[in-house]
Amino acid sequence: MTQNLAPTTQKIIYFLHWAVFAITAGTFALASATRGTPPDAFKTYLASTLFIIFASKLVVVLFLFVDDTVRMGKIALNNANGTTEFDPSRSKFLNQMGLLVAAVPFSAFIYGMVKGAYDYQVKRVTLRLPNLPQAFDGYIMLQISDLHTGSFNSTEPLKEAVKLINQQEADLVFFTGDLVNNMAVEVQQHIDTLKEIKAKTGVFSVLGNHDYGDYVAWPSAEAKRENLQNLIDSHGKMGWQILMNENRIIEKDGEKIAVLGVENWGNRAGFPKYGRLEQAYKGTEDSPFKVLLSHDPSHWDGEINKKYDDIDLTLAGHTHGMQFGVNIPGWKWSPVQYVYEQWSGLYKKGRQHLYVNTGLGFLGYPGRVGFLPEITVFELKKA
């Protein structure tokens, strides 16, 4: 694309091209060396800008690959025919088409940072359940997940989210894990905001994989345990009842349902199984309707619907919808679907339901494209 430009202009472009790579390498090294520390706005947006550049360049590479395949074919054909003439230049059309197509994800990623990160969406789901006690017909439950408070550079966005949550006037509010990125200190500035979340009956929460501090090089095991305890205490300061492999019985007009909550339980390599569903389940055997809070949706196929077929509804998060994809009526796609079978929305097997919330916050890339920050409102109906 630069071959017809003046030599000086070419040198400037080459310098900028390799400067981007040098800055990226330095940023990657810095991020690796400081992993586990709360991110600041500069580092977050620098890393994300570099990611956007390279992700968009990958689109161009696809077109160059097609061009190279054609050129290799020409070489093979010329050799077979004994022809020595060969034009080594790339196709100008494919070069320009590659840049044009790459502009689409580039623009989308930029828009996702400017607008998508805080474009909170309320999703409404009606669940018709034959075994729901009559007293709970019309009951409203609300789910939020994956706040990742360490990624927020101010308290204002979460204040807007809390206002929207409270407007739903839910009977129960559930939080399904990943309150922080790595360290308990990240949530401190947001405690006063999050404790304003109201529910008629109560707010219940569980831990996610990022809440344990497993991705930080702690100076000692005691420091890691202290961090986890501080995080658990933060739930209490916000008025949230954290369920650590335990349950609560909710009663209305003499009828009861059970809310179970487990610690993080992942069915993929690298994710520990802290959850003890057998402990959380104990005492709920006779409950006609059970809802389980479990951060990782792989828990559903890994254990829940294999051993506990009377858990009616499981609420999970974790995937974020990868914060990028296509999400339009009738079709949704994200790269995360190649990793998790259940990754966004409602799933059903027999009488059991799983809902995967794509999260209210963000991690790494400070934006969202397609899968916007989500507040899910469930209305329970007696089938």
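The chain is numbered in sequence order, starting from 1. Since the model is a prediction, treat every value here as computed from it, not as a measurement. Side chains included, hydrogens not; waters and symmetry mates left out as well; all remaining heavy atoms used.
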[X]-[Y] side chain donor-acceptor pair, cut-off 3.5 Å:
X	Y	value
Ser294	His299	yes
Asn357	Thr376	yes
Asn305	Asp309	no
Ser220	Glu222	no
Gln229	Asp233	yes
Asn245	Glu263	yes
Arg368	Gln121	no

Parallel, tilted or perpendicular for [X] and [Y], by the 30°/60° rule?
X	Y	value
Phe152	Tyr118	tilted
His318	Phe271	perpendicular
Phe175	His235	tilted
His210	His148	perpendicular

Has [X] got a side-chain atom pairing as donor or acceptor with [Y]'s backbone, closer than 3.5 angstrom?
X	Y	value
Lys273	Gly266	yes
Tyr347	Trp343	yes
Glu160	Glu156	no
Thr9	Leu5	no
Glu374	Thr358	yes
Tyr212	Asn264	yes
Gln352	Lys348	no
Asp312	Lys290	yes
Glu285	Gly283	yes
Asn327	Lys332	no

Rounded to the nearest 0.5 Å, what's the gap from [atom1] on [X] to [atom2] on [Y]? Could you check?
X	Y	atom1	atom2	answer
Ser234	Ile191	OG	CD1	4.0 Å
Thr314	Leu260	OG1	CG	9.0 Å
Lys57	Leu64	NZ	CG	11.0 Å
Asp178	Leu363	CG	CG	8.0 Å
Met97	Leu62	CE	CG	14.0 Å
Gln189	Ser154	CD	OG	8.0 Å

Worked check of side-chain contact (heavy atoms from CB on, under 4.5 Å) between Met183 and Trp218: CA-CA 10 Å; Met183 305 173 73; Trp218 298 98; 4.1 Å; yes

Salt-bridge contact Lys306-Glu303 (side-chain N to carboxylate O under 4.0 Å):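 Between Glu303 and Lys306 there is no salt bridge, as every charged N stays at least 4.0 Å from the carboxylate O atoms.
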
Residues which pass side chain to side chain donor-acceptor pair (under 3.5 Å) with Lys224, listed by chain and number, not counting sequence neighbours: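 Scan of Lys224 (side chain to side chain donor-acceptor pair (under 3.5 Å), adjacent residues dropped) gives Asp214.
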
Is there a path of hydrophobic side-chain contacts, each under 4.5 Å between heavy atoms of I, L, V, M, F, W or Y residues, that connects [X] with [Y]?
X	Y	answer
Ile197	Ile242	yes
Tyr111	Ile53	no
Leu277	Met244	no
Met322	Tyr365	no
Ile328	Leu372	no

Using a cut-off of 6.0 Å, state whether more than 12 heavy atoms not belonging to [X] lie near its atom [atom1].
X	atom1	result
Tyr45	OH	yes
Lys252	NZ	yes
Lys307	NZ	no
Lys349	NZ	yes
Arg128	CZ	no
Phe54	CZ	yes
Tyr14	OH	yes

Verdict with supporting geometry, Asn247 and Ile249, side-chain contact (heavy atoms from CB on, under 4.5 Å): CA-CA 7 Å; Asn247 66 73; Ile249 303 300; 4.2 Å; yes

Side chain to side chain donor-acceptor pair (under 3.5 Å) between Tyr215 and Asn181, worked out: CA-CA 9 Å; Tyr215 309 123; Asn181 295 346; over 6 Å; no

Nearest heavy-atom neighbours spanning [X] and [Y]:
X	Y	result
Ala383	Pro130	CB-N, 3.6 Å
Gly261	Ala280	O-CB, 3.8 Å
Gly321	Ser334	O-OG, 2.9 Å
Ser145	Thr176	OG-OG1, 2.8 Å
Tyr281	Thr284	O-OG1, 2.6 Å
Trp240	Leu194	NE1-O, 3.6 Å

Steps toward side chain to side chain donor-acceptor pair (under 3.5 Å) verdict (Glu196, Asn166): CA-CA 8 Å; Glu196 293 301 316; Asn166 288 337; 5.9 Å; no

Between Phe324 and Phe109, ring centroids under 6.0 Å: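 Between Phe109 and Phe324, which both carry aromatic rings, the centre distance is below 6.0 Å.
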
is_close_aromatic(Trp300, Tyr308), centroid dist under 6.0 Å: no

Residues Arg248, Gln241; criterion side-chain contact (heavy atoms from CB on, under 4.5 Å); working and verdict: CA-CA 10 Å; Arg248 297 289 186 273; Gln241 298 183 51; 3.5 Å; yes

Connected hydrophobic set around Leu129, excluding itself, where side chains approach under 4.5 Å: Val125, Leu127, Leu132, Phe136, Tyr139, Met141, Leu172, Phe174, Phe204, Val206, Leu243, Ile250, Ile257, Val259, Phe289, Val291, Leu293, Leu313, Leu315, Leu346, Tyr355, Phe378, Leu380

CA sep, side-chain torsions, deciding dist, call: Ile52, Met113, side-chain contact (heavy atoms from CB on, under 4.5 Å): CA-CA 11 Å; Ile52 290 170; Met113 288 199 299; 3.7 Å; yes

